[in-house]
Amino acid sequence: MSEIVKRDFPELLATKARDEEKRLPDLPNVEKGGVVMRMAPSPSGPLHIGHARMAILNDEYLRRYGGKLILRIEDTNPANIELDAYQMIQEDLRWLGVNFTDLVIQSKRFDLYYSEMKKLIEAGNAYVATTPTEEFKSNKQRGLPIRERDETPEENLERWEKMVSGGYEKGEVYAVVKTDLNHPNPAIRDFIAFRVIDTPHPLEGDKYRAYPMMNFSVAVDDHYLGLTHVIRGKDHIANTEKQKYIFGYRDWKLPYYLHYGKVSIEHTILKTSLIKKGIRSGEFSGWDDPKLGTLVAFKKRGFDPLAIRKYYVESGIGSVDTTFSWEIFYSFNRKIIDSRSPRHFFVNQPVSLKFDFEGTLRADIPLFPQTSQSGEHRNRSYTVGKGTIIITSQDHQKFDGELVRLKDLGFFKIESSRIEYIGASINEDVQKWNPNKPLGKVPIIHWLSGNEIPFKVTKPDGSEDTGMIERDAVNYLGTVHQFERYGYVNVLNEKEGYFTHP
RNA sequence: GCUCCGGUAGUGUAGUCCGGCCAAGCAUAUCGGCCUUUCGAGCCGACGACCCGGGUCCAAAUCCCGGCCGGAGCACCA
């Protein structure tokens, strides 16, 4: 049976394979009401292509199961907060098509963190220490307690109250959640849950001095927000182990944890601190500079957010570390935008050729070759006569002395700084110039003649291509064009565009 | 150093939990062909992988052991 299919109907097999969309695996323990999940970025800057994996994965499962997807902004480190980021993160998510159902800001929840910590101390599951941290660390390495660990809850509670009310200076005190001093992994042994910070919080000012550490606030919030599933990067595996101790002390039901592998993204800049520095120094034009891996930069380069979604859905949730494949990502984006991208000629590094010709030639070039999809049938129409014809210097060097076809205009012969018309279609004249090659092999190149304006394309590596573009292109500003034989470019205004991808 | 985790074509993945339908699927890239008017598009085809070595088994990408390689964590960051 399958042999017959293979032999007589190979197209059936091909079609079937192509239609199989890759699907994320199902989540375990999903109940009737759906899932409750969260995305937990820190507001240090806008989201980048690395964050997008976390957002897409969570959103895909929300779409499948229904329920809640909480955006929880983790702003418990005032040194690392960019005030604009609270807003930028939400805009980035909207652009990605990720619909969070709730917004939670951790700096509004200090009272909850304080009362929860107090309960842990009262139960003897946490302590407050003034022992130098060097001793705390070295004792942990050897599996030994520091003095305060063995003191009574009352003594620790006293220090806790003093810590919360501002009775200690920065660096003088810290609060610790007990785990297991003999845990085989030293990284899991007793961890710091609170510290004193005296730099003002951008939202809360100097209202609080005792700040929770991520492992503490995350555990408390994951419980009180009712999370059923936590999907995050595997750099959090050790954190999950620590957080589980708090769940255990309070007898809370654990969410289901899933840790995906690290994606390293080459040839782009993601680190917020570097971006901020570069913006200040003028190296980057802003958060959306084309050299950056931020989502706003992706938007400005003309990527469709669906390409990002497809990329991460196809990557799955495996725990293997991977390298982001620009090639594959570009291909996904190309398939999405190709049919809606108007075609135009951009002549990079232009060369003007003298054209002596009696009479005029007419070119009618489709703007959207795939009219069935775009619904637009318009042509760019030009008349060409005596004067100059512009082609790229690259084509000029390559085809000097040879027959070429200027796309949608006709056959021409290039003779150093001149160009000569041979004919509109394949005829005797054309064949005469093309004795050794099959007729279909005449190279087709793009051109301009009397319809050009200067244009600049900025590439993601920061380099620029300058040349001439069809005047018609400015009728389609703010959209991605296919510059024929060059690549896709988001045309920002009449003078310049950002290179999207080949 | 300690504790974990992982290694499928150039790249991204499916399959690994519950061994046989996997002489390993898909995508992307590359190469070739088709297309008298774009292309890095489309269509067709080719190329190309189970980290290494043992073991268990009728049968191993899948289970076990060892090795090698890679990654993560060991912050008063998240």
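All of these numbers come straight from a predicted model, not from anything done at the bench. Chain letters run A, B, ... following the sequence lines, proteins first, then strands; residues in each count from 1.
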Sugar-phosphate only, base, or nothing, as touched by [X] at under 4.0 Å among non-hydrogen atoms:
X: A:Thr76; value: sugar-phosphate
X: A:Arg189; value: nothing
X: A:Tyr488; value: nothing
X: A:Asp408; value: base
X: A:Glu241; value: nothing

**Message:** Counting distance alone, no hydrogens or angles: does the base of B:U38 have a donor or acceptor under 3.5 Å from a partner atom on the side chain of A:Arg343?
**Reply:** yes
[atom1] of [X] versus [atom2] of [N]: gap in Å, rounded?
X: A:Arg380; N: B:U37; atom1: CZ; atom2: C1'; answer: 12 Å
X: A:Ile444; N: B:G40; atom1: CD1; atom2: P; answer: 10 Å
X: A:Tyr311; N: B:U28; atom1: OH; atom2: P; answer: 13 Å
X: A:Ile188; N: B:C5; atom1: CD1; atom2: C1'; answer: 13 Å
X: A:Ile317; N: B:U16; atom1: CD1; atom2: P; answer: 13 Å
X: A:Gln243; N: B:A78; atom1: CD; atom2: P; answer: 11 Å
X: A:Glu327; N: B:U13; atom1: CD; atom2: C1'; answer: 14 Å

Dump every N/O contact between nucleotides 71-76 of chain B and the protein below 3.5 Å, one line per pair.
| residue | atom | partner | partner atom | Å |
| --- | --- | --- | --- | --- |
| B:G71 | O4' | A:Asp321 | OD2 | 3.3 |
| B:G71 | O2' | A:Asp321 | OD2 | 2.5 |
| B:A72 | OP1 | A:Lys262 | NZ | 3.2 |
| B:G73 | N2 | A:Asn185 | OD1 | 3.2 |
| B:C76 | N4 | A:Gly171 | O | 2.5 |

**Prompt:** Are the side chain of A:Tyr498 and the backbone N or O of A:Pro460 linked by a donor-acceptor pair below 3.5 Å?
**Reply:** no
**Asked** Within the distance-only criterion (no hydrogens, no angle test), does the side chain of A:His501 pair as donor or acceptor with the backbone N or O of A:Phe303 below 3.5 angstrom?
**Response** no
**Request:** Return yes if a side-chain donor-acceptor contact under 3.5 Å exists between A:Asn333 and A:Tyr311, otherwise no.
**Result:** no
**Asked** How far, in whole Å, is B:G20 from B:U13 if one measures between their P atoms?
**Response** 23 Å
**Request:** Using the P atoms only, state how far B:G54 lies from B:A14, rounded to an integer number of Å.
**Result:** 29 Å
**Fill in**
Under a 3.5 Å limit on both distances, the Watson-Crick or wobble mate of B:U30 is B:A46
**Request:** Could you please name the partner base of B:U3, counting Watson-Crick and G-U wobble pairs only when both distances are under 3.5 Å?
**Result:** B:A72
**Message:** Can you see if the side chain of A:Ser44 gets near the phosphate of B:A78 - specifically, an N or O under 4.0 Å from OP1 or OP2?
**Reply:** no
**Message:** Heavy atoms from C-beta onward define the side chain here; which of B:G6, B:G12, B:A29 lies closest to that of A:Ile328?
**Reply:** B:G12
**Request:** Return the nearest nucleotide to the side chain of A:Lys407; candidates are B:A41, B:G12, B:U37.
**Result:** B:U37
**Prompt:** Of A:Phe483 and A:Met214, whose nearest nucleotide on RNA chain B comes first from the 5' end?
**Reply:** A:Phe483
With a 4.5 Å cut-off on side-chain heavy atoms, are [Y] and [X] touching?
X: A:Val384; Y: A:Leu406; result: no
X: A:His446; Y: A:Val347; result: yes
X: A:Thr76; Y: A:His201; result: no

**Item:** Member of A:Arg471, A:Glu470, A:Met468 meeting the side-chain contact (heavy atoms from CB on, under 4.5 Å) criterion with A:Glu452
**Value:** A:Met468
**Item:** Residue that, paired with A:Asp190, satisfies side chain to side chain donor-acceptor pair (under 3.5 Å) out of A:Lys178, A:Arg149, A:His183
**Value:** A:Arg149
